[in-house]
Amino acid sequence: MSDVDETVSGRKSSLLSAHSDPSAVQTEYEVLRLMRQCAAEFGFDNFMIVRVPTGDQQNFAERLVVSSWPADLVRGYDALDIFRLSRLVEELRHTKLPVFRETAAFLGLRGKPVTALGIAPSMAFTLAVLLHTTYADPFIVTLSGSRDAPEGVEAAELYYVLLQLFERLERAMDAGVTTREKLSAREIECLRWAAAGKSSDEIAIILGISAYTVSSYFKTAARKLDAVNRMQAIARAMRLKII
């Protein structure tokens, strides 16, 4: 091993050893923190973990699990409605190996890079890998930055770190399944209608209950989801596939 490889290995091993126990990570927020640390230690500026689009669920923003992408970029890309057809999704469906490309090329269609999103130089290039949960659900994990493609020992170690972090994310998501069991049918109905854009008064009419009762359901649902408000409760419920 060269001196450079030894330096890389020593610098990155701190991330592995510090979080060697998967059970130590209980929430998606903790995974977010570790992903941020991973990106920084490997010289990247942004990251995301997103579910691969399926036939009935194509929306990009709603499929994001954890991300440090700028909000404007997420909204702009979501508006283009091309995620399911992107080169990113297409290439990763045909390989188990990490792929490194210009971010604009990845997000666009094959041969048609995205040019109107104003991608920052700090996100010029993206490394992406397709990973699967224990139940074979596919997710895309990306790291974006201005650096060159990782090679050799660094590439192998980065892949292993991402596998470890994804394992922790799956455990956190599995832990969230118990939340689904705690939410009542009425609480889930209220969250589902609110996600569809209905107000408390409209939900009250739909469900045949009072607006006060609807608000009460939102409060209890938010508490069970560890959310600070209705919008965060809806977002977490969607992320956990409760609604």
Side-chain angles (χ1 to χ4, degrees), residues 21-35 47-69 71 74-75 77-79 81-84 89 130-141 165-243:
D21 179 12
S23 64
V25 178
Q26 300 291 337
T27 67
E28 291 178 25
Y29 176 79
E30 291 172 307
V31 175
L32 179 72
R33 177 174 54 81
L34 291 179
M35 280 296 297
F47 60 85
M48 75 165 176
I49 301 179
V50 61
R51 292 184 176 89
V52 173
T54 60
D56 60 340
Q57 293 179 316
Q58 307 287 2
N59 184 277
F60 174 68
E62 290 182 1
R63 301 193 68 74
L64 282 177
V65 180
V66 295
S67 170
S68 66
W69 279 28
V74 172
R75 286 192 293 267
Y77 188 54
D78 203 33
D81 193 27
I82 59 172
F83 176 49
R84 66 191 183 281
V89 173
L130 182 68
L131 298 176
H132 292 81
T133 67
T134 306
Y135 306 102
D137 296 324
F139 287 72
I140 294 173
V141 182
L165 293 179
F166 188 72
E167 168 74 9
R168 285 149 176 74
L169 175 63
E170 183 176 1
R171 287 174 178 267
M173 290 191 297
D174 285 346
V177 172
T178 59
T179 301
R180 182 185 294 110
E181 298 170 355
K182 295 177 182 178
L183 288 175
S184 70
R186 280 299 200 194
E187 289 165 347
I188 293 174
E189 280 185 304
C190 288
L191 289 170
R192 187 171 289 134
W193 282 115
K198 301 298 183 181
S199 67
S200 291
D201 289 338
E202 291 172 322
I203 295 172
I205 294 172
I206 293 170
L207 299 181
I209 56 181
S210 70
Y212 174 83
T213 302
V214 171
S215 295
S216 178
Y217 282 135
F218 278 126
K219 288 179 181 177
T220 56
R223 185 180 68 251
K224 293 175 182 179
L225 290 165
D226 194 24
V228 297
N229 54 42
R230 181 181 304 190
M231 293 305 297
Q232 190 177 66
I234 292 170
R236 291 189 175 180
M238 293 177 69
R239 190 176 302 144
L240 294 170
K241 296 184 178 180
I242 295 173
I243 60 175

Inset, instruction - Decide whether T213 and S210 meet the rule of one side-chain donor and one side-chain acceptor closer than 3.5 Å. - result: yes
Legend entry - Flag side-chain contact, heavy atom, 4.5 Å: V31 against F166: no
Legend entry - Smallest separation among heavy atoms of I243 and A195, with atom names: CD1-CB, 3.9 Å
Legend entry - ring pair (Phe, Tyr, Trp, His ring centres under 6.0 Å) against Y217, all qualifying residues, sequence neighbours excluded: none
Inset, instruction - Drop me the distance from R171's CZ to T134's OG1, to the nearest 0.5 angstrom. - result: 8.5 Å
Inset, instruction - Measure the shortest side-chain to side-chain distance between L191 and L225 over non-hydrogen atoms and say whether it is less than 4.5 angstrom. - result: yes
Inset, instruction - Would you kindly check if the NZ (Lys) or CZ (Arg) of R51 is within the cone defined by 45 degrees around the ring axis of F139 and under 6.0 Å from the six-membered ring centre? - result: no
Inset, instruction - Take the angle between the ring planes of W69 and F60 and call it parallel below 30°, perpendicular above 60°, tilted in between. - result: tilted
Inset, instruction - State, with a plain yes or no, whether a side-chain heavy atom of L32 is found less than 4.5 Å away from one of F47. - result: yes
Inset, instruction - Compare every heavy atom of S215 with every heavy atom of S200, then report the nearest pair and how far apart it is. - result: OG-OG, 4.3 Å
Inset, instruction - Give the minimum heavy-atom separation between A194 and I203, together with the two atoms involved. - result: N-CD1, 3.8 Å
Legend entry - Test item: W193 and I188 side chains (from C-beta on) under 4.5 Å apart, heavy atoms: no
Legend entry - Side-chain heavy-atom pair V52, R63 within 4.5 angstrom cut-off: no
Inset, instruction - Run the salt-bridge test on D81 and R84 with the 4.0 Å N-O cut-off and return the result as yes or no. - result: yes
Legend entry - Backbone N/O of K224 and side chain of K182: donor-acceptor pair under 3.5 Å: no
Inset, instruction - For residues E202 and I205, determine if any side-chain heavy atom of one lies less than 4.5 Å from a side-chain heavy atom of the other. - result: no
Legend entry - Residues E189, R186: salt bridge by 4.0 Å N-O rule: yes
Legend entry - E170 side chain vs E167 backbone, donor-acceptor pair below 3.5 Å: no
Legend entry - Side chain Q232, main chain V228, donor-acceptor under 3.5 Å: yes
Legend entry - Closest approach of L207 to C190 (non-hydrogen atoms, all atoms of both residues): CD1-SG, 3.8 Å
Legend entry - Residue pair I140, V89: steps toward the side-chain contact (heavy atoms from CB on, under 4.5 Å) verdict: CA-CA 8 Å; I140 294 173; V89 173; 4.0 Å; yes
Legend entry - D137 side, atom CG; L131 side, atom CG - distance, nearest 0.5 Å: 12.5 Å
Inset, instruction - Of all the heavy-atom pairs spanning A204 and A211, show the shortest one and how long it is. - result: CB-N, 3.6 Å
Legend entry - Test item: S67 and V50 side chains (from C-beta on) under 4.5 Å apart, heavy atoms: no
Legend entry - Shortest non-hydrogen contact from V141 toward M35: CG1-CE, 4.1 Å
